Amino acid sequence: MHTKSPPGEQTTTKSPRSDAPRVGFVSLGCPKALVDSERILTRLRAEGYQISPDYDGADVVVVNTCGFINSAKQESLDAIGEALTENGRVIVTGCLGVEEERIRREHPNVLAVTGPHQYEAVVSAIHDVVPPQHDPFVDLVPPEGLRLTPRHYAYLKISEGCNNRCSFCIIPSLRGDLMSRPAGDVLREAERLVDAGVKELLVISQDTSAYGVDLKYAESTWQDRQVRTRFFDLCRELGELDAWVRLHYVYPYPHVDEVIPLMAEGRILPYLDIPFQHASPSVLKAMRRPAHQEKTLDRIASWRRICPELALRSTFIVGFPGETDEDFELLLEWLTEARLNRVGCFRYEPVDGAAANAIPGAVADEVKDERWHRFMACQQEVSRELLHEKVGRSIDVIVDEVDDEGALCRSKWDAPEIDGSVFLNGETGVAAGELHKVRVVHADEYDLWAER
Ligand code: SF4
């Protein structure tokens, strides 16, 4: 969740003027924050700024922070401190920006503080420190903008904010209610990305299956037709593009069933990232989770009947206030039966400002730890079995990286950065972004090994 890119790792365009002002960039946080960073960088390059690869060469450094949990806040504050020590001229933006007082208390020398999605405010703060030098011949950026991800995959952010009010989460107070981008806009961006060589689109938002609710599913123009700003319609149109399409942050609302046939037909990847967070009805109620249904196991079974290849990824929280031994045992039983392909688990952390902090029955740290270890051991067993079933099969992979020792790839069932890998040991004759058919020869509890 908290990736850090060294300043300037992301320079990709034609050479700018050598005297152009230079901005260093540190990007922390989730994929949604990464997309914000890309937008700011795109705008800066469009205005003729250079992106500095190091602190020394930068006229100013922007730190895009994460404010999701306390450890992420501390990481952000440390990154601001490092940028101040190394460069001295620092502008802060992103989720932690809503806590300006705290930032200024710890780092009184920051030049400006702006919050999430305040692109205009960040850019204007940069203008104040180092004004732009416009030159129309060198200030052009590629039509797909600048990206922080490798060339062959890209995050596609379809909405901002969230209408839910999960009791452990402060994102709606940081980012506001759901604001969907019209389907035509999203599809045009997706098409530009694919035209620029992107082979895999990762659809992200806070609540992907709620897409378009705020716009009452309004139609917008795409190519020669009208497309509704609606989850299924967007998936169907994305499935027409020549790229893998992977869905993240999907809540199991009833209409999610509609996209499973698109997966079975190979139009979008057979992959659903659904943050279930728990299985006990009383814990889910206390969490105020959206789309909670008693019968999620039945739903999962029916999806698998329609699309046997479907991979399910999820995240869970153990040690939520009020979670009893019975709740936890129920979660383990559910996990054993659900046989999810990829799972992440967090120990509950009381985020400042979250409603859940007032729920009685705080779980002791040792109990959280013990539950976490039992949860992970249970899932490892499931994961090992599921991956061993793939040995001997022929599967499609996308190549992420190649070095002297071989190629690091991913299957359709693995999202970049969060899931497992497929290793092609000794295979150096392939290139990043290529798709290949390989035969699986070995598996452990996380990864696969294969041969061409
Ligand atoms: S769905 Fe819940 S956890 Fe996700 S962003 Fe909205 S409020 Fe937070």
Side-chain angles (χ1 to χ4, degrees), residues 1-2 28-36 65-73 94-99 115-117 155-181 202-215 231 246-256 272-293 296 299 312-323 331 340 342-359 415 418:
M1 164 165 278
H2 307 290
L28 300 163
C30 62
K32 286 152 274 197
L34 189 75
V35 172
D36 289 348
T65 58
C66 176
F68 184 47
I69 52 176
N70 291 342
S71 48
K73 288 183 186 177
C95 287
L96 188 61
V98 295
E99 295 187 37
H117 321 311
Y155 293 98
L156 185 64
K157 193 176 193 175
I158 61 171
S159 61
E160 301 282 7
C162 180
N163 286 348
N164 303 310
R165 295 293 181 266
C166 301
S167 57
F168 55 82
C169 176
I170 54 165
I171 284 175
S173 64
L174 295 177
R175 302 197 160 215
D177 283 340
L178 180 73
M179 279 189 302
S180 303
R181 297 174 60 199
L202 304 146
V203 176
I204 57 165
S205 70
Q206 306 294 345
D207 181 355
T208 296
S209 31
Y211 175 62
V213 171
D214 53 314
L215 299 181
F231 178 60
R246 192 181 294 283
L247 303 179
H248 287 282
Y249 312 112
V250 176
Y251 293 98
Y253 304 117
H255 66 268
V256 169
L272 272 180
D273 172 6
I274 303 183
F276 287 112
Q277 306 299 16
H278 214 282
S280 155
S282 58
V283 176
L284 287 166
K285 193 161 167 230
M287 287 178 167
R288 293 198 229 130
R289 292 297 288 163
H292 165 55
Q293 301 196 340
T296 37
R299 294 280 300 291
L312 289 168
R313 133 160 288 274
S314 191
T315 49
F316 293 85
I317 297 173
V318 293
F320 189 78
E323 182 192 62
L331 172 60
L340 305 180
R342 299 289 181 187
V343 164
C345 181
F346 300 93
R347 300 162 180 86
Y348 175 73
E349 216 182 279
V351 177
D352 290 345
N357 299 342
I359 298 175
I418 51 175

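One-based numbering, in listed order, for ligands and for the atoms of each. Every heavy atom of this structure was used, including side-chain atoms; hydrogens, water molecules and symmetry mates were not. Values in this document were obtained by computation on a predicted structure and should not be read as measured data.
- Regarding atom 6 (Fe) of ligand 1, its nearest protein heavy-atom neighbour is C162 SG, 2.3 Å.
- Side-chain atoms of Q206 and E160, non-hydrogen and from C-beta on, never get closer than 4.5 Å to each other.
- Under the 4.5 Å side-chain criterion, counting only non-hydrogen atoms from C-beta, L340 is in contact with F276.
- Closest non-hydrogen pair, S71 versus E349, comes out as N-OE2, 3.5 Å.
- Between Y251 and ligand 1 there is a heavy-atom distance shorter than 4.0 Å.
- Within ligand 1, the atoms closer than 4.0 Å to a non-hydrogen atom of P172 are 7 (S), numbered from 1 in the order shown.
- The shell of residues lying under 4.0 angstrom from ligand 1, judged by heavy atoms, includes R289.
- Across all their heavy atoms, P275 and D273 have their closest contact at CD-O, 3.8 Å.
- At a heavy-atom cutoff of 4.0 Å, ligand 1 is contacted by both the backbone and the side chain of N164.
- When every heavy atom of G67 is checked against every heavy atom of L174, the shortest pair comes out as O-CD1, 4.3 Å.
- The shortest distance between side-chain heavy atoms of F320 and S167 falls below 4.5 Å.
- Between atom 8 (Fe) of ligand 1 and C169 there is an N/O/S contact shorter than 2.8 Å.
- Regarding atom 5 (S) of ligand 1, its nearest protein heavy-atom neighbour is Q206 OE1, 3.6 Å.
- Contact annotation for C166 and ligand 1: heavy atoms of both the backbone and the side chain come within less than 4.0 Å of the ligand.
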